[in-house]
Protein chains: 2
Amino acid sequence: MSATIREVAAAAGVSTATVSRALRGLPYVDEVTRKRVVETAQRLDYVASPSASRLASGRTGTIAVLTPYVARWFFATVISGVAMALTEGPLDLLLVEVGNPDRPSTVPLEQRLRSRADGAVVVALPDTYPEISQLIEHDFPLTLVGSLSDRVSSVAINDAETGRLATQHLINLGHREIGLISGATSDESFTAQDDRTNGYHDALTRSGIPAHPALTAYGAFTREGGERAMVELLSREVQPTAVFCLSDEMAFGAMIAMRRHGLTPGIDIALVGVDGHPQSELANLTTVAQPVAEMGRLAAVALQDRLNNAEKYEPRQTAMSVELVVRSSSAPPKGN
Amino acid sequence: MSATIREVAAAAGVSTATVSRALRGLPYVDEVTRKRVVETAQRLDYVASPSASRLASGRTGTIAVLTPYVARWFFATVISGVAMALTEGPLDLLLVEVGNPDRPSTVPLEQRLRSRADGAVVVALPDTYPEISQLIEHDFPLTLVGSLSDRVSSVAINDAETGRLATQHLINLGHREIGLISGATSDESFTAQDDRTNGYHDALTRSGIPAHPALTAYGAFTREGGERAMVELLSREVQPTAVFCLSDEMAFGAMIAMRRHGLTPGIDIALVGVDGHPQSELANLTTVAQPVAEMGRLAAVALQDRLNNAEKYEPRQTAMSVELVVRSSSAPPKGN
DNA sequence: AACAATCTAGTAAGCGTTTGCATGAGGGAG
DNA sequence: CTCCCTCATGCAAACGCTTACTAGATTGTT
């Protein structure tokens, strides 16, 4: 099919070594020679075989994105951010599903990555997640997005602050019975959950509002989960006048549940979510928005940085700032 | 780092050739020997180097997903379907953005793929799209999802039928002034658009309803596009009592525009979308749902099929059936 | 003018597999 | 007992690059 480096070398009247150097822009190649080589390569439609150069150089020219899901908004958006950062370079993007409870993988992650990628961007998994932790110990270049780490570079929002912000907003509106809709009871594979919850409690405490356990309900971090959790909440003795949902998608589910019960968000119960999901506008959902795509992009940039600097590299935490977007799903409690 | 095949061979007391055969399950290896080799490999934590085997075998063990966008729901969902099909095998998934008007790529697609992937699943691009067409001509194994083709295998819904179905639904409700919200005026890189539009016209014709050009508005195939188009529509002389939006996301945009004008979907103007977007439930949007993830999965399976059968392979078109999901965004016109 | 430093380019040894070919060992058929 | 065929394995040549290392040619220094 494609021409080989030897043919280019022959056609250009140089050695393969020179072709290799010329085409990769390495020094010690006369500009005249380089030009001739480049032209010859172009004429022969030559492109270096990735497999061959990978084998010879030991570098794969690939970065992996490790993510539990690919279709959910947050994850898909991070991935697109990473893709954005890579379009400018020559790096390939390998997509790997990791940590999806519904689809456990048989092959150890490290094997799936070894000699397949030079590094990886990890989405929403903490550095304590077993397979991730293992990679870090083996010094596999990693960057996290969605959770912070002091072992590798990471970019995320301040989740505790986010929880505080959302809750404080509800408190400011005059709410006292503020519920919480969270993911699984305690999911170690997604720390944002605990942090946001802490922020919630923190805000309550600061305002001297006792946290009522009956105001917290757990579901999955999905629309369905939020729906179930809200149904649960509505069946309890104590009723919240406002609910903080740990993600917009869960808030959407909560909205569906409310509607089924004849309740209106912002009138019967105030709702706040987290994410800045594109649909939050149509749903009139108040949300704490985070710059998701940008976070993915930054993580990819940080990873490339790490790959280029090799030695003198320091893990860096990047905290993105969030923005409370107020919409009609959050309003003062009925009485007021 | 990892052990090499030579070390395994030495440790197991066989040649590298035997190790290679044994580990890949090839015939002509004694079961006893195979077992010994497998155990040795496991003990040494050996995994064949992808670069090396790719170079030697000429196969990359990778399939690419060619998509204009990665974060938009439809695309992300197709990708996850492909990923689903691949988790069972040893294939890698290479993500490549192609045909995104906002991010033109400098490197010719063929070069980006050559010796990088054994085949590709193309999302929502027709076989007439220049770069895709070129790949087909070069016999690069391809499978399309979202548009049909007789040159390569493809899986898609019947878009004309979809347009007809949606429009007929509105007609059945008693509407006569049925508007259309479409993407760009004529986007050759997304045939579904034209087909759905044809279905729309077809349904009108069959019912003897004259198609009024002033009832059609163009935007992008996005929420913002739908919003703009609806604003446009509302500013026209002739007003529709119902509007068929070529995608759910555009319908969401239309809803936002309507709300801003104090109009309610299903009451002032009926709305129907296409996709079965997860948010359509919350938005109460009537939609023609398509099994997107499944389509991605099938396309991946078809591609693997093609890769395994090499020779005797016939392009196959798979038409998925759609389902009209009626919600409150579509109701009879006011008068009735 | 002699010598060191810097460029430029070539030689060839890998990189770690896969695979065509050769070889030898069994085993059933004649 | 041969002869052939099948099975099991080894040998060694690719696969198409990258990259020490080497060496000659320039250029600069003193």
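Protein chains get the first letters and strands the later ones, always in sequence-line order, with residue 1 at the start of each. Quick caveat, the model's predicted, so the values are computed rather than measured.
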Length of the CZ-C1' vector between A:Arg59 and C:dC15, whole Å: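 After rounding, the gap between these two atoms is 12 Å.
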
Is [X] near enough to [N] that one of its side-chain N or O atoms lies under 4.0 angstrom from OP1 or OP2?
X: A:Arg6; N: D:dC15; value: no
X: A:Ser20; N: D:dC17; value: no
X: B:Thr16; N: D:dG10; value: no
X: B:Ser49; N: C:dC15; value: no
X: B:Ser57; N: C:dT18; value: no
X: B:Tyr28; N: C:dT19; value: no
X: A:Thr18; N: C:dG10; value: yes
X: B:Arg24; N: C:dT19; value: yes
X: A:Ser53; N: D:dC17; value: no

Quiz item: A:Arg114 side-chain donor-acceptor pair to C:dG16 base, under 3.5 Å: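 Checked by distance alone, the answer is no.
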
Under-3.5 Å donor-acceptor pair between A:Arg21 side chain and C:dG10 base: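 A donor-acceptor contact between them is present.
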
Over 12 foreign heavy atoms within 6.0 Å of CZ, B:Arg34: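 Yes.
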
Shortest side-chain distance from A:Asp30, nucleotide among D:dC17, C:dT8, D:dA8: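 The listed nucleotide nearest to A:Asp30's side chain is C:dT8.
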
Options D:dG10, D:dG16, C:dT17, nucleotide nearest the side-chain atoms of B:Ala17: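 Nearest nucleotide to the side chain: D:dG10.
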
For [X] and [Y], test the side chains for any donor-to-acceptor distance below 3.5 angstrom and give the result as yes or no.
X: B:Arg151; Y: B:Ser133; value: yes
X: B:Ser20; Y: B:Arg24; value: yes
X: B:Arg297; Y: B:Ser80; value: no

First of B:Arg36 and A:Leu26 reached from the 5' end of DNA chain D, by closest nucleotide: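 Per heavy-atom nearest nucleotide, the more 5' residue is B:Arg36.
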
Salt-bridge present (B:Arg116, B:Asp92; N to O < 4.0 Å):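 Looking at B:Arg116 and B:Asp92, the cut-off is not met.
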
Does [X] reach a base, just sugar-phosphate, or nothing at all? Heavy atoms under 4.0 Å.
X: A:Arg34; answer: nothing
X: B:Thr33; answer: sugar-phosphate
X: B:Ala48; answer: sugar-phosphate

